[in-house]
Amino acid sequence: MIMSWNTTNKCNMYCKHCYREAGIKAQHELNTVEGKSLIDEVAKAGFKIMVFSGGEPLVRSDIYDLIKHAVKVGLRPVIGSNGTLITKRVARELKDAGVMGVGISLDSLNPKKHDEFRNYTGGWREAVIGMKNCRDIGLHFQIHTTVMNWNKDEILDITDFAIGMGAVAHHTFFLVPTGRGADIEEESLNPEQYERLLKDIMLKQDDVNIELKPTCAPEFMRIAKEMGMNPRFSRGCLAGTSYCIISPNGDVQPCAYLNLPIGNIRETPFSEIWRDNPIFKELRTMNYKGKCGSCDYKKACGGCRARVAYYNDGDYMAGEDWCSYSSEKKGNKK
């Protein structure tokens, strides 16, 4: 199970797609003591992986203490970063603190396109330096790419770049219109482009020895099975079932892209929210509506709960209209 904590809203970038609308520090962010208490609760709830994200988590002065505490309670800490602050010293301190891996964002092989998307001059160059610094000390890193209509034809080339850099994985994040991402909804893929790219990524996975993982595109599980592949992942959408996120001020959400605060850890211990919250319980029923409810791949895929909520007036149990699969047309494939 994976927990992601947006440790701060503060960031040195102002990305066009940011679901958290990061930039300046938010009011009432969790302090060090509260953060360690949250980490204790995350371990108590049975989670195994703790993602420290943001904003930019490396702007927190206590980030190394928080990472060490996660290690102490038996969690595997990883970092989600834009990479620009990962100097050689920072890379070494992250590794010494116990970080198991770093996700670094890179959205294009064209530095200008990346920097414009991230609203940060020099961001591409600094992110690549951050990757090299991780690689040089043996700290595992992976590349994260947000998929848009203007970079979709670069995705497989970015995978090749990731291999050349020594990355252990390339994760592609398909835009969900939330936060600032809602302002660029028209730049997301259409259903046909979405399906084609997922097939191309799965074909690429057969040819490379690093992990390729589409995110906010759970249909990749169905496509992989149709292609006779057996991905190591057990399910596409994990929202509320084996994943959730904590905001900088302690709000709990089923998913980073599903803007649905369902409790706050300052009021209720996280382990209780995870166990008892009715929205989590409903998501775990998988009693979806529409085509998701009758789909042969319901358990393996689950549809993107955040995307269906956006396009169905907040109904996170609705069917996934982006999916081109039809049980009636293709028969009963499990």
Side-chain angles (χ1 to χ4, degrees), residues 2 4 6 16-21 146-149 152 172-199 213-223 233-247 251-264 273-274 276-330 333:
I2 305 171
S4 182
N6 294 139
K16 292 181 180 180
H17 66 299
C18 183
Y19 66 85
R20 186 57 67 192
E21 301 189 60
T146 298
V147 180
M148 311 292 292
N149 60 13
K152 62 181 175 59
T172 45
F173 291 73
F174 288 68
L175 181 72
V176 177
T178 187
R180 286 198 290 268
D183 297 331
I184 55 171
E185 177 188 359
E186 69 280 0
E187 296 180 34
S188 61
L189 304 191
N190 63 41
E192 292 75 23
Q193 293 169 330
Y194 178 78
E195 180 88 1
R196 179 68 260 171
L197 182 55
L198 287 178
K199 289 180 178 177
K213 169 66 165 62
T215 298
C216 300
E219 290 82 6
F220 87 91
M221 289 291 292
R222 180 257 304 168
I223 290 171
F233 310 101
S234 59
R235 182 171 164 78
C237 182
L238 306 178
T241 60
S242 58
Y243 168 84
C244 73
I245 193 165
I246 308 292
S247 77
D251 284 335
V252 180
Q253 297 177 206
C255 166
Y257 306 97
L258 181 53
N259 188 16
L260 181 67
I262 58 176
N264 190 285
I273 296 174
W274 178 253
D276 300 331
N277 186 272
I279 292 176
F280 281 154
K281 288 184 175 181
E282 185 177 20
L283 285 165
R284 292 164 193 165
T285 67
M286 292 186 282
N287 291 331
Y288 308 131
K289 303 172 186 176
K291 62 193 303 183
C292 284
S294 59
C295 183
D296 299 320
Y297 294 97
K298 178 170 70 172
K299 291 183 179 179
C301 171
C304 177
R305 295 298 100 203
R307 188 173 288 110
V308 301
Y310 180 82
Y311 288 109
N312 291 275
D313 297 321
D315 185 357
Y316 51 83
M317 299 299 285
E320 170 70 278
D321 292 334
W322 269 35
C323 181
S324 61
Y325 178 76
S326 170
S327 300
E328 289 75 18
K329 290 180 181 179
K330 299 197 176 183
K333 295 183 179 181

Passes side-chain contact (heavy atoms from CB on, under 4.5 Å), His17 versus Phe173? Steps please. CA-CA 11 Å; His17 66 299; Phe173 291 73; over 6 Å; no

Test log, rule side-chain contact (heavy atoms from CB on, under 4.5 Å), inputs Phe233 and Met221: CA-CA 8 Å; Phe233 310 101; Met221 289 291 292; 4.1 Å; yes

If I take atom CD from residue Glu195 and atom NZ from residue Lys199, how far apart are they, to the nearest 0.5 angstrom? 4.5 Å

Quick check: do Cys244 and Pro254 have side-chain heavy atoms less than 4.5 Å from each other? no

Roughly how far, to the nearest 0.5 Å, is the OH atom of Tyr297 from the CZ atom of Arg235? 15.0 Å

For residues Ile184 and Leu175, determine if any side-chain heavy atom of one lies less than 4.5 Å from a side-chain heavy atom of the other. yes

Determine whether the side chains of Asn259 and Tyr19 contain a donor N or O and an acceptor N or O closer than 3.5 Å. no

Student check: side-chain heavy atoms of Ile246 and Asp251 closer than 4.5 Å: no

Closest heavy-atom contact between Gln193 and Leu189? OE1-CA, 3.4 Å

With a 3.5 Å cut-off and no angle check, do the side chains of Tyr310 and Glu185 form a donor-acceptor pair? yes

Non-hydrogen side-chain atoms of Tyr325 and Ile223 separated by less than 4.5 Å: no

Least distance between heavy atoms, Leu198 atom then Ala217 atom: CD2-CB, 3.8 Å

Counting neighbours of CG on Asp313 that are heavy atoms of other residues, nucleotides or ligands and sit closer than 6.0 Å, is the number greater than 12? no

What I'd like to find out is whether the side chain of Lys152 reaches to under 4.5 Å of the side chain of Met148, using heavy atoms alone. no

Pairing of Asp183 and Lys16 as salt bridge, 4.0 angstrom limit: no

Ignoring hydrogens and geometry beyond distance, is a side-chain donor-acceptor pair present between Tyr316 and Glu282 at under 3.5 Å? yes

Does any donor atom in the side chain of Glu219 or Tyr194 lie under 3.5 Å from an acceptor atom in the other side chain? yes

dist Ile2:CD1 -> Ile245:CD1 (nearest 0.5 Å) comes out at 11.5 Å

Asn264 versus Val252: any side-chain heavy-atom pair under 4.5 Å? no

Tell me whether Asn312 contacts the main-chain N or O of Val308 through its side chain, where contact means a donor paired with an acceptor under 3.5 Å. yes

Met286 and Lys299: CA distance, side-chain angles, deciding distance, side-chain contact (heavy atoms from CB on, under 4.5 Å) verdict: CA-CA 8 Å; Met286 292 186 282; Lys299 291 183 179 179; 4.2 Å; yes

Which atom of Phe174 lies closest to which atom of Pro214, heavy atoms considered: CE1-CB, 4.0 Å

If every non-hydrogen atom of Leu283 is compared with every non-hydrogen atom of Gly240, which pair is closest and at what distance? CD1-CA, 4.0 Å

Side chains of Gln253 and Leu260: does their closest heavy-atom pair fall under 4.5 Å? no

Where the side chain of Asn277 meets the backbone of Ile262, is there a donor-acceptor pair that is under 3.5 Å apart? yes

Test side-chain contact (heavy atoms from CB on, under 4.5 Å) on Cys292 and Arg305; report intermediate values, then the result. CA-CA 10 Å; Cys292 284; Arg305 295 298 100 203; 3.5 Å; yes

Where do Pro218 and Gly303 come nearest, in terms of heavy atoms and distance? CG-C, 3.3 Å

List the atom of Phe220, the atom of Lys213, and the distance in Å for their closest heavy-atom pair. CZ-CD, 3.8 Å

Is there a side-chain contact between Cys237 and Cys304 (heavy atoms, below 4.5 Å)? no

